[in-house]
2 protein chains.
Amino acid sequence: MSFASQTTNEQTSGVLDVSDKTLRGFVGYQTKRTFNVIQADLNETLSAFDLRMVSFSVLVMIIDNNGIRQSQIADALSIEAPNLVVALDGLERRDLIIRERLATDRRVWLIQATLAGRRLCEKAVRAVQKHERQILGDTDAQSLVTLMEVLKKIEIAGGSKL
Amino acid sequence: MSFASQTTNEQTSGVLDVSDKTLRGFVGYQTKRTFNVIQADLNETLSAFDLRMVSFSVLVMIIDNNGIRQSQIADALSIEAPNLVVALDGLERRDLIIRERLATDRRVWLIQATLAGRRLCEKAVRAVQKHERQILGDTDAQSLVTLMEVLKKIEIAGGSKL
DNA sequence: GAATAAAGATTATAAGATATAACTATTTTT
DNA sequence: AAAAATAGTTATATCTTATAATCTTTATTC
């Protein structure tokens, strides 16, 4: 038993030491708390490039898949088509990407990155990678591999239920 | 080289195989994708109890810390006070919790769960635990420990930067 | 000890992200 | 040729989280 952290003027109102042990037992809760931290760092990093999480992901997908369809981007990222349109509009306005109509099916737009788009994306990817390394601190390589594997497994296991 | 998945009527528009390997290299991206799956499952589970993620977390915190202050809940969950008020209002309306004024400091409300609140929470916690076990599938205990440890480490490392 | 500042909670509102519904243009199916 | 389906768009709604302003009460300061 300890009286260590009791200040002289401590009002014994509320709870002395707040416990979140039940919540901390949930993988979901811990994952959310961790993601919140990652997201805060990420948004700050991306703000230097005038990108948000979604537009960044979209841009990376375009670089990795030159000439990809909008529907393919939306599928890969699991985002709804209307939200993708908004993201693409923003990237197109900044001349980071171009929409090109497919001749053989005029409903389809193929998306390509411009040179400026590729350059910006490369810088942004490097910045994000750098920040992730910082945030991972001294996490050893094997733990990191396990982390990613288990996360992936959960994603697949859970996703297959819906 | 393989032609396996080429349908007869395949239009060679867009990209044949979409790659998300750059994004999949990011811990942040994988964490988000996994959390999306967990969240979908969780929301479905909690809907049976008329709870959302936030109100569930709040209720659990109250059970684990009887007589906790609102500000202590908000701090512990890293949510803003106004959002907590809304969540508490909902729980109070359903007689799952009660607000009690602190005599020695009339600005403060101490929150307690009612019997109904404790019962509902217990059921909800069990349901969520069951679903998490399902979603984790055959993940071995050691991997799970590593997962939680690394997530926690990232949370702390990243959080200390802000 | 009165004036001022700070703290806890609340209300109202805004911003952000994501989802749904309805529509246009084009292609495919019947 | 008519009907159905697909790709993308527009408009809008919902849900979550954040900010600003207010009220009451307590603490601080001159």
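The sequence lines fix the lettering, A, B, ..., with proteins before strands; numbering per chain opens at 1.
The shortest heavy-atom contact between B:Ile154 and A:Val37 is O-CG1, 4.0 Å. A:Ala124 and A:Leu51 get closest at one heavy-atom pair: CB-CD1, 4.2 Å.
Applying the salt bridge (Lys or Arg N to Asp or Glu O under 4.0 Å) test to every pair with at least one member in residues 74-89 of chain A, sequence neighbours left out, gives these pairs: A:Asp89-A:Arg99. Sorted by first then second residue, the salt bridge (Lys or Arg N to Asp or Glu O under 4.0 Å) pairs that include residues 115-124 of chain A, not counting sequence neighbours, are A:Glu122-A:Arg126.
Remark: P of D:dT9 and CD1 of A:Ile111 are 7 Å apart, rounded to the nearest angstrom. Counting to the nearest Å, the P atom of C:dT18 and the CG atom of A:Leu84 are 12 Å from each other. Taking atom CG of residue B:Leu51 and atom P of nucleotide D:dC15, one finds them 15 Å apart after rounding to whole Å. Distance CG (B:Asn83) to P (C:dA9): 15 Å, rounded to an integer number of Å. A straight line from CZ of B:Arg99 to P of C:dG8 spans 16 Å, rounded to a whole angstrom. Note: CG (B:Leu77) to C1' (D:dT17) measures 14 Å, nearest angstrom. Nucleotide D:dT10 holds its C1' atom 15 Å from the CG atom of A:Leu88, rounded to whole Å. As a whole-Å value, the separation of A:Ile79 CD1 from D:dG8 P is 12 Å.
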Point to revise | Dot-bracket summary - DNA chain D, pairs being Watson-Crick or G-U whose distances fall under 3.5 Å, with | when paired to another strand | key: ||||||||||||||||||||||||||||||
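Partners of A:Arg101 according to the side-chain contact (heavy atoms from CB on, under 4.5 Å) rule, which considers only residues two or more places apart in sequence or in another chain, are A:Arg106, A:Trp109. The side chain to side chain donor-acceptor pair (under 3.5 Å) check on B:Arg33 picks up A:Ser78, B:Tyr29, with sequence neighbours excluded. Legend: residues meeting side-chain contact (heavy atoms from CB on, under 4.5 Å) with A:Asn36, ordered by chain and number and at least two apart, are A:Lys32, A:Gln39. Scanning for side-chain contact (heavy atoms from CB on, under 4.5 Å) contacts around B:Asp140 gives B:Gln142, B:Ser143, with sequence neighbours left out. Residues meeting the side-chain contact (heavy atoms from CB on, under 4.5 Å) test with A:Lys152, sequence neighbours left out: A:Glu155, A:Ile156, B:Arg24, B:Gln30.
Within a heavy-atom distance below 4.0 Å of DNA chain C, no residue of residues 24-32 of chain A is found.
No chain of hydrophobic side-chain contacts below 4.5 Å, direct or via other Ile, Leu, Val, Met, Phe, Trp or Tyr residues, connects B:Leu147 to A:Val145.
Using a 4.5 Å heavy-atom threshold, the side chains of B:Met148 and A:Val150 count as separate. Put simply, the side chain of B:Leu151 does not reach to within 4.5 Å of the side chain of A:Phe35, judged on heavy atoms.
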Please list, pair by pair, any protein nitrogen or oxygen found under 3.5 Å from a nitrogen or oxygen in nucleotides 20-22 of chain D.
none

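Each of A:Glu80 and A:Ala103 was assigned the nucleotide of DNA chain C with the nearest heavy atom; the assignment lying further toward the 5' end belongs to A:Glu80. Both A:Arg101 and A:Arg52 lie close to DNA chain C; mapped to their nearest nucleotides by heavy-atom distance, the more 5′-ward contact belongs to A:Arg52.
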Check: residues 55-65 of chain A side-chain donor-acceptor pairs under 3.5 Å, at least two apart:
| residue | atom | partner | partner atom | Å |
| --- | --- | --- | --- | --- |
| A:Ser55 | OG | A:Arg52 | N | 2.8 |
| A:Ser55 | OG | A:Arg52 | O | 3.2 |
| A:Ser57 | OG | A:Met53 | O | 2.9 |
| A:Asp64 | OD1 | B:Thr22 | OG1 | 3.2 |
| A:Asp64 | OD2 | B:Thr22 | N | 3.3 |
| A:Asp64 | OD2 | B:Thr22 | OG1 | 2.5 |
| A:Asn65 | OD1 | B:Ser19 | N | 2.7 |
| A:Asn65 | ND2 | A:Met61 | O | 2.9 |
| A:Asn65 | ND2 | B:Ser19 | O | 2.7 |

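Side-chain N/O atoms of B:Arg106 include none lying less than 4.0 angstrom from OP1 or OP2 on C:dA7.
Here A:Ile97 contributes atom CD1 and A:Ile68 contributes atom CD1; the two are 11.5 Å apart, rounded to the nearest 0.5 Å.
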Exercise for review: Go along nucleotides 2-7 of chain D 5' to 3' and tag each nucleotide: B for a protein heavy atom under 4.0 Å from its base, S when only backbone or sugar atoms are that close, - otherwise.
Suggested key: ---BBS
